[in-house]
Structures are given as C-alpha cells and as structure tokens.
Amino acid sequence: MDGALLPRDFFDGPVEEVAPALLGHVISHRTPEGEVAARLTEVEAYAGPLDPASHAYRGRTPRNEVMFGPPGHVYVYFTYGMHFCMNLVCGPDGTSMAVLLRAGEIIEGEDVARARRPRSTVRDLARGPARLCQALGVAREQNGLDVCVPGGPMTVRRGEPADPALIRNGPRTGVNGAKEVPWRFWIEGDRTVSPYRPHVPRQRKKITAEG
DNA sequence: CTCTAGATCCTCT
DNA sequence: GAGGATCTAGAGA
C-alpha cells in the first residue's frame, strides 16, 4: 500500500538485500520548521564486523553503539569536521549492519530544504549523504531515532518503487577498505544520484622538504 | 563537464 | 596524532 510505513521486518535482513529494496521509498523528517521528505535514489550497504569499510569493523564503540541495536533505527555520524551522514540499521538486534543513505529527490518540503541549503540547486538539495542530512535537518540529535513509529518525527514510507530493471550496483564511494565490494546501489538515469568519487587520502599539511 | 585545494573536529590508536 | 562512508568554490575546457 502506497504511503504505509515500512515495517520493522523490512530492515531485519541481510543489508545487501535491504539496501536495493529501499530505492524508491521515502524518508521524511518533521521538525518545528516543517516536514521534508526525500525519495531514495542511492544507498550503500555496510556489513558490520566482517566488513573493513564498516564503522563496526573494529567492534562496538560509543560512536557505533546504535548499529548494534535493533533494526529500523537511525545511525548518524559526524565526519570531516563538519558533515553528518545517516544510516538505517539492519539485521537482528546484536548484529551491526547498516545502509548509508547517499542521495534522494526532495518530494515534500522543498521550501524548508532550500532554506537549509540556500546555495544549492534543486537537483543538488539531497545529492550526496551529507547534503541529504542537511536538507532533512538531520544531525547528532537524531542519532538512534526509531523510524518504525507511526506519527514519529522520522519515518520511512512506501513510495513508488524503483523499476528493478533500472537498479544498478557498483563499488562504494570514498571508502578505503574492501574497495571491490559492489554494495553501492542506485537508480540508473536518476539525476539526483551523486557522482562517484574514489577514495583519496588527504594530507594534513604541505610536506616541506627543505626551508 | 573536470580538476584542485581548503575547510574543520571527532574518533580511535 | 592521523585520517575520515564529504562539500564547496574557483579555474579551466
């Protein structure tokens, strides 16, 4: 049924199956400023302790705590000193799988999203994981929210499903471990899918050889 | 479109 | 201390 919330069972499975199944569905977040909703067009799967690219690879820490809990909750993390990214926790309680939400199309609350990202074109409002969080108003305070609560501030509802023939997969963006694992999923031809960028280690300062 | 570089601070080793 | 599941501006094609 279109518009119904995705049940918790939806998230309680292998990430590499849940991730592509999320494409086309709609995440929405309500704040005092208003409600913003995005149709998901790009996601990535992270498999927990066996996955070198996962934040859970080295076990449980204060930061990744939520990933080890029950499915259907949001794992938000802070990165690069200024950005937030959001995941949906998958798999049974006690495991640490998650799907990174990488991009979407704003289908509701565009005015609110534009106010949050005034320099962005409409196409770029949620084109990238940190942009998506900014457009939805997601930050540290949203870490741990349950998206399976009807009437709650953050929900995932059934949208117009992505055409299975248009779903593509390939290597994950910007990760340093397990580069070959093709667990990035997107809707081919959708203009809101982010451009692929390989991982580039950044150097802190200019290396001065002599003075 | 491509490429380059800077911003900025939290987290884990 | 090192580096990161990124974004933006600016320059050039």
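So that the names make sense, note that chain A is the first sequence line, chain B the second, and so on, each numbered from 1.
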Pairs flagged by ring-ring contact (aromatic ring centres under 6.0 Å, His included) wherever residues 9-35 of chain A is involved - sequence neighbours left out: A/F10-A/H25

Intra- and inter-strand pairs of DNA chain B in dot-bracket (Watson-Crick or G-U wobble, both distances under 3.5 Å; | for another strand): |||||||.||||.

Protein-nucleotides 11-13 of chain C N/O pairs closer than 3.5 Å?
none

Pair A/R127 + A/D190, salt bridge at N-O below 4.0 Å: no

DNA chain C contacts among residues 107-133 of chain A, heavy-atom distance under 4.0 Å: A/R117, A/R119, A/G128, A/P129, A/A130, A/R131

For A/E16, all residues meeting side-chain hydrogen bond (donor to acceptor under 3.5 Å, both in side chains), sequence neighbours excluded: none

Nearest listed nucleotide, side chain of A/F78, among B/dC10, B/dT8, C/dT6: B/dC10

Electrostatic pair A/R117:A/D124 at N-O distance under 4.0 angstrom: no

Exceeds 12 heavy-atom contacts within 6.0 angstrom, atom CZ of A/F78: yes

side-chain N/O A/N176 vs C/dG4 OP1/OP2, d < 4.0 Å: yes

Sugar-phosphate, base or nothing in reach of A/Y80, heavy atoms under 4.0 Å: base

Contact under 4.0 Å: A/R140 side-chain N or O vs B/dC10 OP1/OP2: no

Contact residues, residues 53-67 of chain A to DNA chain C [heavy atom, < 4.0 Å]: A/A53, A/H55

